[in-house]
Amino acid sequence: MTNLSKRLISQDWFPLLLVTLVGALLLAIISNSFLSAYNLFVMLRILSVTSLVALSQMLVIAIGQMNLAVGAIGGLIAILFGGMLEVYGLPIGLAAAVGLLLGLAAGVLSGALVAYTRISGFIITLALLFVFTGLNLGITLSIPFYKMPQALKDLYDSYLGPIPSILFIPVLAAGAVSGLLYYTRPGRHMLAMGGNPAAAELAGISLSRTTIFTHTLSGGLAALAGMVAVARLGTAEPTIGADWLLPSFAAPVIGGAVLEGGYVSVTGTMIAVVIIVLITNGLLLARTDPFYVQFFLGALILATVLFNRWRSSVNVASPETTSGRP
Amino acid sequence: MSSVVEKEAAPARALRAARLLSMIQTANTGGLLFVILLLIATISAIAPSFLSPFNLFALTRNLASDAIIGFGMMVVLALGQMNLALGAIGVCAVMVTGYTLEQLGLPIPVAVLAALATGGLLGMLNGLLIVGTGINAFVITLATASLFTGLMLIVTKATTFHNLPPEFSALGYSRVGPISGFLVVTLFVCGALFLLFNFSVLGRQILATGANIVAAGLSGVPVNRVIIVAHALSGVLAGVAGVLVTAHLAAALPSIGEDWLLPSFLAPLLGGTLLAGGYVSVSGALLGAILVSVLQNGLVLFNVNGFRIQFFLGLALLAAVGLDRWRTVLVQRAEKRLT
């Protein structure tokens, strides 16, 4: 027991977990509607999209790059998914499969451009952000697809026994991503490349292949996030993804990811997503202006990076405490 | 016999390679100018209204603010850093302008000074945070972007100031010949930055810090102060762009700045400024902004749907960085042939 609690406390994400629990407790005391089944469900709905967005960005951060096009890919796939359902009347499963494939293809494109031109991933994905957004708005002329099949909404709001189905989305995605990063060869290649690209290349890891692989997965997760957002909203809005940039970086960075690559924490990222959802929800329950959300999110990122910096400087000062990192 | 031919051929080849090298190195600015002239010729041949005084005025008015937005990013790119809060700082300056003019009723020069001071202070705050914490500028400015925007929205409650004094709004219609008077401001800023980066100690220090921060520090460059000053300068330029946009729209809107991300990177990167830091091209950034404005304007004249313009601008950025990469590869090959 003491061993377990010691291991828990030594985790990087332990302070985050404490913040989350204290925050949730405060919200439960302040507002009686916080723990209502309806409110929990509302939070779960936000969580289902934001967690996928965060994981999509986290993978690219792991190899020491960035994907500014996460929101643009998500938005483009969202409206294509909506179009396939409304205009062509495809079955949901088929449309989702095509959407996922297109998302993967968008990822292959950005990965290949980064790998073969050797231009900074930041610029490539910045350019693709506008290419994909332009395609999105060019197709929709900024008009949403409204007529989503009832089956999609039913599927989204369905229960598996007592558990809402949408709870499985973040759980499965986080499980798959941590399985990939910590237990498979490609995942270890990604972290090795992020930690030290030159050393990774000398060790026989193909940087181009790892880059393409990572961007492909990132594109796939962004596409999933876009389609889940369509199910959540009940319409395929062209604006889906437009405001994902901040949370996509906020969650991994708050979760302890090193922006230079080589270290990310799936658990930390997921806890950070919960914190973001709690803040959004708490401010909503407190009936404040929605503007406060943006302010507090910015303040939160600053506070956590400062805290992490302070903690690592304390750890450097006393090296025997650094052994806790898994 | 064959060895003689080789001996003669080798210097000739080296000479050719050297000529190619210098040609490629000067090709950037010249190439950009050539592309712009070609684009202007093509557009005005297809749509003669491109050269109409009305269109030239609108084009140069947009160009003026876009170029300054690009300069605002360029001064931190010189450090090898970024300022994602450029738009957020810009909108804070915009709202300060609107508030001082409409609510306080202060004269225009005071409002402009207040806007520039706001920009400078917020930029300095970014610099202080980056230097003080040693955290990546990307993360700091991403966080402060949402901090500044959030604070601005909380304070203003997302209201707009549109009862600005007519003399201020009239600035938006000022003309010098057929072009917008705003361009004078831009050319002035451009000249000042050119002097800064080519002939001043501070400019050299910014570039040295961007090229190699450790080496710069060891050679006695006050690295931390240089970073803070460059970010403050970036903030001031965001303030200048904010004032121009406010005068153009004759209103201080809280949504200004949201769409500054693309132009801020497009102009300097098209102009040959390195993302890694240590090298800037002020005239290149101006040409880059001109290219973007002409392209955007041409697409509008060709009745390309406004929604699709982003698509073409994204492609333009890809093409530009692709060409630039190709140029670097050619330079490297030429250098290899020389040695």
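All figures in this text were calculated on a predicted structure; none of them were measured in a lab. When reading the values below, keep in mind they use all heavy atoms of this one structure, side chains included, and skip hydrogens, waters and symmetry mates. In what follows, every chain begins at residue 1, and chains take the letters A, B, ... in the order their sequences are listed.
Of the listed residues (B:S146, B:G322, B:A158, B:G134), the one with the most heavy-atom contacts under 4.5 Å to chain A is B:S146. If you tally non-hydrogen atom pairs under 4.5 Å between each of B:N136, B:I140, B:V304 and chain A, the highest count goes to B:N136. The greatest number of non-hydrogen atom pairs below 4.5 Å with chain B, out of A:I123, A:L126, A:V253, is found for A:I123. Between chain B and the options A:A127, A:A299, A:S120, the largest number of non-hydrogen pairs under 4.5 Å is found for A:A127. Residue with the most contacts toward chain B among A:I119, A:L302, A:T117, A:I301: A:I119 (heavy-atom pairs, distance under 4.5 Å). Counting heavy-atom pairs closer than 4.5 Å to chain A, the top residue among B:I154, B:I135, B:L84 is B:I154.
With a 4.5 angstrom heavy-atom cutoff, A:V305 touches chain B via backbone and side-chain atoms both. Within the 4.5 angstrom heavy-atom criterion, atoms from both the backbone and the side chain of A:S142 approach chain B. Using a 4.5 Å cut-off between heavy atoms, A:L141 contacts chain B through both its backbone and its side chain. Heavy atoms closer than 4.5 Å to chain A are found in both the backbone and the side chain of B:T133. If you measure heavy-atom distances from B:M82 to chain A, the contacts under 4.5 Å come from the side chain alone. For A:F122, the part lying under 4.5 angstrom from a heavy atom of chain B is the side chain only. Contact annotation for B:L313: neither backbone nor side-chain heavy atoms come within less than 4.5 Å of a heavy atom of chain A. Looking at A:L300, there are no atoms closer than 4.5 Å to chain B (heavy atoms on both sides), in backbone or side chain. For a residue to count as touching a neighbouring chain, one of its non-hydrogen atoms must lie under 4.5 Å from one of that chain's; by this rule B:L129 touches chain A with the side chain only.
Under the 3.5 Å distance criterion, the side-chain polar atoms of A:T216 are matched with a main-chain donor or acceptor of A:I212.
Nearest approach of B:M74 to B:P268, heavy atoms of both residues: CB-CB, 4.0 Å.
Checked against a 6.0 Å centroid threshold, the rings of A:F249 and B:F138 count as neighbours.
A side chain to side chain contact (heavy atoms under 4.5 Å, CB included) with B:V294 is found for one member of B:L291, B:I290, B:V292, B:N297 and no other, namely B:I290.
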